[in-house]
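By convention in this document, chain letters (A, B, ...) are assigned in the order of the sequence lines, proteins followed by strands, and residues within each chain are numbered from 1.
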There are 2 protein chains.
Amino acid sequence: MAHTQDPMEVLNRYLDEHGMKHTRQREIIVGEFLKSNKHLQIEELLNQVKKIEPSIGYVTVYRTLMLLKECGLAHQRHFGDGKSLFEKAGDHHDHMICIKCGSINEFEDDRIEKLQEQVAKRINFKIVSHRHEIYGCCSRCQNE
Amino acid sequence: MAHTQDPMEVLNRYLDEHGMKHTRQREIIVGEFLKSNKHLQIEELLNQVKKIEPSIGYVTVYRTLMLLKECGLAHQRHFGDGKSLFEKAGDHHDHMICIKCGSINEFEDDRIEKLQEQVAKRINFKIVSHRHEIYGCCSRCQNE
DNA sequence: CCTCCGCTGAAAACCACTTTCAAATGAGTT
DNA sequence: AACTCATTTGAAAGTGGTTTTCAGCGGAGG
Ligand SMILES: [Mn+2]
Ligand SMILES: [Mn+2]
Ligand SMILES: [Zn+2]
Ligand SMILES: [Zn+2]
């Protein structure tokens, strides 16, 4: 019954269904993106990718990330330091961001999620998505 | 024991303590801002203000909003539609934003706030601020 | 091979601020 | 009231992270 969940296959199916092409650039960019486990800036991913194929430009990385977002394989985050961060889609979670060092901790609390739904239902609001970000000082940064 | 909480007085004290001047522009802009109960874009507030004094420019409204933020009388919000929104500071609350009509509902749930603190404490994270935004479809927009 | 149409990279455009700068103006001091 | 001068103001220019444009490239079906 294996409905494949392999990201590469999801992407390839998306490309085929939309008359889009399989290119070397896309393969490299997506490969590097999926390999990483961080919240990546575009420039950061570009640097990774340039190690493999230096001719690849910023715009292609940008467009590929939009593509990954489009087919549900990536999330774009805006944590208020100007540049967006991209991360692999996966189980839902929210974020704690250290305002000193920029480190990011992920968290997930079912009780909060449920209460959220409760609050929405109270005014008959249909939730599509949410962002819950906690800003402050991480454990490490509290001891200078 | 009336420690004044009147916004105008807070502002005036701030101006005095920082060697800043009381100007007609600031009075008008702050007056209009405090009069409103919406989440305002800069341009929106500018339009209000221009009805009273057409010579006032975007930059002065912008700078006055920064000033209000600085002295704790305004909050700046970023709900992802590009432009920031400003609202009067008051009791803490979070937001539900309709992705169809843009309407904003405020909510406040102590249980969520407490759970948030619990989650932070678990990793010894010291909370400075947070944003909790729920995006979806408001009651009105669900019936087209 | 051919041909078509999507893809790519450099450069230009966009856009919401944010800063600069010369002239105007509060507000103390004569 | 006149003088002084640091703060303000508004127009214009600058910023920075995208986002779009466009001419040439290249994947892939025929
Ligand atoms: Mn994450
Ligand atoms: Mn609000
Ligand atoms: Zn930290
Ligand atoms: Zn709505």
### Phosphate OP1/OP2 of C:dA10 contacted by A:Tyr58 side-chain N/O (<4.0 Å)
no

### Task
Please check the phosphate of D:dG26 (OP1 and OP2 only) for any side-chain N or O of A:Gln25 closer than 4.0 Å.
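No, outside the criterion.
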
Could you work out which one of [options] sits closest to the side chain of [X]?
{"X": "B:Thr60", "options": "D:dG10, C:dT18, D:dT7", "value": "D:dG10"}
{"X": "A:Ile42", "options": "D:dT18, D:dT9, C:dC7", "value": "D:dT18"}
{"X": "B:Met20", "options": "D:dT8, D:dG27, D:dT18", "value": "D:dT8"}
{"X": "A:Val59", "options": "C:dT20, C:dT18, C:dG9", "value": "C:dG9"}
{"X": "B:Lys21", "options": "D:dT19, C:dC17, C:dT25", "value": "C:dT25"}

### Message
Which residue is it: B:His130, B:Glu133, B:Arg131, B:Gln116? I am looking for the one with a side chain to side chain donor-acceptor pair (under 3.5 Å) to A:His132.
### Response
B:Gln116

### salt bridge (Lys or Arg N to Asp or Glu O under 4.0 Å) between A:Glu87 and A:Lys38, intermediate numbers included
CA-CA 7 Å; A:Glu87 69 173 325; A:Lys38 299 175 49 198; over 6 Å; no

Spacing between [X] atom [atom1] and [N] atom [atom2], to the nearest angstrom:
{"X": "A:Tyr62", "N": "D:dT18", "atom1": "OH", "atom2": "P", "value": "8 Å"}
{"X": "B:Tyr14", "N": "D:dT7", "atom1": "OH", "atom2": "C1'", "value": "14 Å"}
{"X": "A:Asp16", "N": "C:dC7", "atom1": "CG", "atom2": "C1'", "value": "16 Å"}
{"X": "B:Arg24", "N": "D:dG10", "atom1": "CZ", "atom2": "C1'", "value": "16 Å"}
{"X": "B:Met66", "N": "C:dT19", "atom1": "CE", "atom2": "C1'", "value": "13 Å"}
{"X": "B:Glu27", "N": "D:dT9", "atom1": "CD", "atom2": "P", "value": "12 Å"}
{"X": "A:His78", "N": "C:dA16", "atom1": "NE2", "atom2": "P", "value": "14 Å"}
{"X": "A:Ile29", "N": "C:dT8", "atom1": "CD1", "atom2": "P", "value": "7 Å"}

#### Entry: 5′-ward residue of the pair A:Gln76/B:Thr23 relative to DNA chain D
B:Thr23

### Task
On DNA chain D, check which nucleotide each of B:Lys50 and B:Arg26 is closest to and give me the residue with the more 5' one.
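The residue whose closest nucleotide sits nearer the 5' end is B:Arg26.
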
### Message
Can you tell me how the ring of B:His93 sits relative to the ring of B:His95, calling it parallel under 30°, perpendicular over 60° and tilted otherwise?
### Response
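Plane angle over 60°, so perpendicular.
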
### Message
When you group the ILVMFWY residues by side-chain heavy-atom contacts below 4.5 Å and let the links chain together, are B:Leu65 and B:Leu67 in the same group?
### Response
yes

### Query
Under 4.0 angstrom, heavy atoms only, what part of the nucleic acid is A:Lys83 near: base, sugar-phosphate, or nothing?
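It contacts sugar-phosphate atoms only.
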
### Query
NA contact type, B:Arg63, heavy-atom cut-off 4.0 Å: base, sugar-phosphate, or nothing?
base

### Query
With a 4.5 Å limit on heavy-atom distance, are the side chains of B:His39 and B:Glu106 in contact?
yes

